[in-house]
Amino acid sequence: MTQQMSVQNLRQYLNGVWVPGHASEITSTSAADPSLVVASGPGADSGQVDQAFEAANAAKAGWAATPMAERASYLLRASAYLTEHAENIGTDLSREEGKTLAEGIGEVRRAAQILCYYAGEAERSAGTIFQSPRAGEQILVSHKPLGVLGIVTPFNFPIAIPAWKIAPALIFGNTVVFKPASLVPLLAVRLVQAFEFAGLPAGVLNLVLGPGSLGDSIMSQPHLNGLSFTGSTAVGRKLCATGAARGIPVQAEMGGKNASVVLADADLELASEQVLFGAFRSSGQKCTATSRLILDDSIADEFLEKLTSRLAIWVTGDPLDPAVHMGPVIDSKSAISVKAGVEKAKSEGATVIFEGQVPANGNYVAPTVLGIPNDAQGLKNTAWREEFFAPVLSVLRVFGTDAAFEAAEDSEFGLSLALFTRDLATVISAQERLDVGILHVNSESAGADPHVPFGGAKASGYGPKEQGAAARDFYTHTTTVYLRG
Ligand code: UN1
């Protein structure tokens with residue numbers, strides 16, 4: 001049965017008004033069925049990016065002067081709207097991005113939770129007063145908004161990532177120009193609609209839709225005071241360099257090549273379930289996904305038996321079908337490049353441990369487990385080194401904990417790591433030795449709670465961490481006040 005679906009019109013949100021774009025057409029298609037158009041409309045041209053920044057700049061003084069509790073009230077109303085419409089918006093998400101309906105609805109609820117958390121800053125946010133070495137003086141530190149923030153987001157969490165950047169930007173008194181990945185424009189529209197429903201004043205949040213090159217227009221804006229970006233390392237580094245040249249702070253969350261490490265004493269039942277989730281949920285399209293699996297040789301056969309039995313009943317297909325565990329990847333370009341990457345890895349010596357079944361049509365990539373030879377050549381393998389952003393897991397066997405940690409560290413990236421062990425001393429040593437932003441002990445490598453810092457080490461991150469109390473470090477600057485009566 002063909003599902004009835006109306007194509008949504010894409011517009012820009014400039015100074016509180018939805019307006020048609022002036023640039024070329026953006027067409028958002030269903031990841032599972034690229035012949036299905038989900039949303040379409042012209043994108044923003046550079047003149048409209050200028051307008052967005054002018055609106056954000058004009059709104060910034062008023063917004064910064066608005067009491068935090070009042071700013072919080074808009075976040076709470078937008079949060080309630082997302083909760084109320086979670087099923088509809090989650091269905092749009094699943095259709096446009098391709099993650100399963102359960103994950104899509106879950107992500108909308110997560111966005112609502114994030115808005116709620118940041119609304120709480122109005123009651124939680126506290127300053128610092130220092131003792132002064134001089135009599136009759138106190139030294140206090142006040143936090144102030146940066147001004148106008150550019151927010152540039154990826155396709156893979158089309159509502160949660162924008163929410164976790166826009167919410168702290170707004171609560172700390174900044175105004176925003178938001179540019180989402182052009183592959184998921186509809187979800188960006190849905191999020192902005194939640195803020196429109198909340199009655200956010202004109203100009204405080206502006207939306208421009210368009211290709212990655214709009215990022216360059218954003219970086220050249222005279223009113224830009226800071227940029228938060230999540231996406232590829234190549235683009236992130238370029239934005240950081242431009243920001244540095246202009247003296248504008250940039251926060252960039254970039255690539256990952258995250259390992260799960262299963263040691264000899266691990267609970268293999270639990271570990272095999274968590275590695276399955278970490279590697280294959282959302283088709284492996286999370287910067288926190290597990291793409292390297294390091295197994296102690298003594299448990300490797302038993303573990304792989306458990307993992308492949310789980311994969312044998314892992315269903316890949318239409319993400320809107322509740323029986324499905326994993327949908328497609330985002331587009332055909334990605335599917336083609338991942339498949340080419342797997343072929344390259346095989347030609348370099350990787351062996352195929354498991355390859356799942358996928359529907360013939362659509363942007364599907366089979367869940368794939370590759371064996372990487374543990375030698376100098378193996379450790380250069382494309383599938384060991386490069387981020388595929390797909391359901392492809394590369395397995396390396398090692399002897400003992402030291403070798404496992406060494407293999408885990410053998411990456412330019414350092415976002416997250418999942419360690420499976422029952423030994424506390426090993427956990428403590430992992431915390432000291434592994435250079436990662438997020439360490440999961442006995443749980444999958446993905447996942448991020450709103451109230452704790454999120455971000456990576458090495459090539460995975462640049463600038464202050466996101467989320468939790470850490471978010472304030474990026475979204476504000478401080479004035480140190482030497483205060484005498
Ligand atoms: C998660 O692990 O649930 O782009 C969130 C990404 C990350 C977010 C991961 N910034 O995948």
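Both counts, for ligands and for their atoms, begin at 1 and track the order of listing. Model, not experiment: these values are computed from the prediction.
- Here the heavy atom of the protein found nearest to atom 2 (O) of ligand 1 is T288 OG1, 2.5 Å.
- Of the possible polar contacts, none joining the K458 side chain to the D435 backbone as a donor-acceptor pair under 3.5 Å is found.
- Aromatic ring pairs are classed by plane angle as parallel below 30°, tilted from 30° to 60° and perpendicular above 60°; the pair Y81 and F197 is tilted.
- Salt bridge absent: E386 and K257 never bring a charged side-chain N and a carboxylate O closer than 4.0 Å.
- In terms of protein heavy-atom proximity, atom 8 (C) of ligand 1 is closest to W164 CH2, 3.5 Å.
- Using modelled atom types, one side-chain atom of Y118 and one backbone atom of G468 make a donor-acceptor pair closer than 3.5 Å.
- Between N156 and ligand 1, at least one pair of N/O atoms sits closer than 3.5 Å.
- C287 N, 2.6 Å is the protein heavy atom nearest to atom 11 (O) of ligand 1.
- A side-chain donor-acceptor contact under 3.5 Å links T100 and E103.
- In terms of protein heavy-atom proximity, atom 1 (C) of ligand 1 is closest to G447 N, 3.4 Å.
- Those atoms of ligand 1 with a heavy atom of T230 less than 4.0 angstrom away are 4 (O), 10 (N).
- Contact annotation for F155 and ligand 1: no heavy atom of the residue comes within less than 4.0 Å of the ligand.
- Only side-chain heavy atoms of R110 come within less than 4.0 Å of ligand 1; its backbone N, CA, C and O stay farther off.
- Of the charged side-chain nitrogens involved, none lies within less than 4.0 Å of a carboxylate oxygen, so that E196 and R77 do not count as a salt-bridged pair.
- Nearest heavy atoms, E466 versus E253: OE2-CG, 2.9 Å.
- Looking at ligand 1, you won't find any N or O of P154 less than 3.5 Å from one of its N or O atoms.
- Interface of K286 with ligand 1, defined as ligand atoms under 4.0 Å from a residue heavy atom, comprises 11 (O).
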